[in-house]
Novice: 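What follows is a structure written as structure tokens; I'll ask about it next.
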Amino acid sequence: PIHFPPDPNGSDRKPDFVLVVIEDQTEQRRSERMRADFVANASHELRTPLAALSGFIETLQGPAREDPVARERFLGIMGAQAGRMKRLIDDLLSLSRIEMKAHVLPDTIVDLAELAGQTVDMLAPLAAETGVTVRFERPSAEMPVLGDRDELIQVLSNLIENAIKYGASGKSVEVAARTDGDGYLVAVTDHGPGIAEEHLPRLTERFYRADIQSSREKQGTGLGLAIVKHILTRHRGRLGVSSRIGQGSVFTIRMPSARSVSLKP
Ligand code: ADP
């Protein structure tokens, strides 16, 4: 029953209507908790290299002061830790920039196949350094999609970079761009260690790593696929993954054609 507060004017007339606000707080609570977790994780990730840096500074000021060999070695480690902090901050900034634009649909036509080719060329030095051959299967026609050039290059480079980093050295990575129904797809295939099935649904969560040790070794931030997912959502695109332990993984992005999107209101 709804109990009405006493009328301050002393009248016993019932109000004409009552506004009852029912709010589902479950979703709101969930997103607050996720935000809190994210801040805690990000702080922890930044703290680790910072603690290492502070430790080495102390050592350089004290015991290693007069030891040129130790100095060189420690400075090298400090440079690597500073690099790790920079990568993390760059990825955090990318995520926040993309989140701010989440509801703005991109309206420029770009050729997804050309962007894939450009990204493969851009990553040639990393591939050479890692001992991986990247093959690009170029489609015969253009693949026009509505998109932000830089963001789509970031999607493609995160996927191809992962394939190069995690795919075993000496093996190949294939990037194939082709039509897919009324849209287009780009598939990135590697022949690395693969990813166990239980990890697949969680790969796009921030800071989720299937293999923590290997992510650290490969200088991963754990944010690459979260960035991919956010950018694709804004572009009405989708990310797919299939993988087999010991055989490798295929990451696929699917995007609607610019023609089919502009026909729909
Ligand atoms: P990271 O910066 O750690 O690479 P990502 O978000 O890009 O983070 O990827 C999340 C996790 O997914 C990685 O830590 C890794 O365990 C796994 N992963 C991503 N791509 C591949 C791949 N091609 N082969 C094997 N594991 C992969």
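Quick caveat, the model's predicted, so the values are computed rather than measured. Start at 1 and go down the list; that is how both ligands and their atoms are numbered. Residues: numbered from 1 along the sequence shown.
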Novice: Quick one: closest heavy-atom pair of Ser94 and Gln154, and the distance?
Specialist: OG-NE2, 3.4 Å
Novice: Minimum heavy-atom separation for Tyr166 to Ser215, with atom names?
Specialist: OH-CA, 3.6 Å
Novice: For ligand 1, which atoms, with element, lie under 4.0 Å from some heavy atom of Lys165?
Specialist: 4 (O)
Novice: In plain terms, say whether Arg202 and Glu197 are close enough for a salt bridge, that is, a side-chain N and a carboxylate O under 4.0 Å apart.
Specialist: no
Novice: So if I count the atoms of ligand 1 from 1 in the order they appear, which ones are less than 4.0 Å from some heavy atom of Gly222?
Specialist: 1 (P), 2 (O), 3 (O), 6 (O), 8 (O)
Novice: Heavy-atom contacts with Leu203 under 4.0 Å: which atoms of ligand 1 show up? List them by number with element.
Specialist: 12 (O)
Novice: Can you list the ligand 1 atoms lying under 4.0 Å from a non-hydrogen atom of Ser249?
Specialist: 24 (N)
Novice: Is the number of heavy atoms from other residues, nucleotides or ligands under 6.0 Å of Met122 CE greater than 12?
Specialist: yes
Novice: Is there at least one pair of N or O atoms, one from Pro193 and one from ligand 1, spaced under 3.5 Å apart?
Specialist: no
Novice: What residue and heavy atom of the protein are closest to atom 14 (O) of ligand 1, and at what distance?
Specialist: Arg209 CG, 3.3 Å
Novice: Look at Glu66 together with Arg71 and state whether they make a salt bridge at an N to O cut-off of under 4.0 Å.
Specialist: no
Novice: Looking at atom 4 (O) of ligand 1, what's its closest protein heavy atom, distance included?
Specialist: Tyr166 OH, 2.7 Å
Novice: Taking atom CZ of Arg209 as the centre, report whether more than 12 heavy atoms of other residues, nucleotides or ligands fall under 6.0 Å from it.
Specialist: yes
Novice: Quick check for you: to the nearest 0.5 Å, what is the distance between Leu203 atom CG and Ile195 atom CD1?
Specialist: 5.0 Å
Novice: Looking only at protein heavy atoms, which one is nearest to atom 7 (O) of ligand 1, and how far off is it?
Specialist: Asn162 ND2, 2.9 Å
Novice: Near Asp211, which atoms of ligand 1 are under 4.0 Å from a heavy atom of that residue?
Specialist: 16 (O)
Novice: Closer than 4.0 Å to some heavy atom of Tyr208 - which atoms of ligand 1 meet that?
Specialist: 10 (C), 11 (C)
Novice: Relative to ligand 1, is Leu225 under 4.0 angstrom through side chain, backbone, both or neither, heavy atoms considered?
Specialist: both
Novice: By number and element, which atoms of ligand 1 are closer than 4.0 Å to a non-hydrogen atom of Asp190?
Specialist: 22 (C), 23 (N), 24 (N)
Novice: Should Arg206 and Glu99 count as an ion pair when the cut-off is N to O under 4.0 Å?
Specialist: yes
Novice: Heavy-atom contact under 4.0 Å between Asn158 and ligand 1?
Specialist: no
Novice: Give the residue, atom name and distance (to 0.1 Å) of the protein heavy atom nearest atom 27 (C) of ligand 1.
Specialist: Ile195 CD1, 3.5 Å
Novice: Please determine whether residues Leu126 and Val228 belong to a single hydrophobic cluster, defined as Ile, Leu, Val, Met, Phe, Trp and Tyr linked transitively by side-chain heavy-atom distances below 4.5 Å.
Specialist: yes
Novice: What do the steps show when you test Asp90 against Lys86 for salt bridge (charged side-chain N to carboxylate O under 4.0 Å, His left out), and what is the final call?
Specialist: CA-CA 6 Å; Asp90 285 347; Lys86 179 177 184 313; 2.6 Å; yes
Novice: Looking only at N/O atoms, are Ala210 and ligand 1 under 3.5 Å apart anywhere?
Specialist: yes
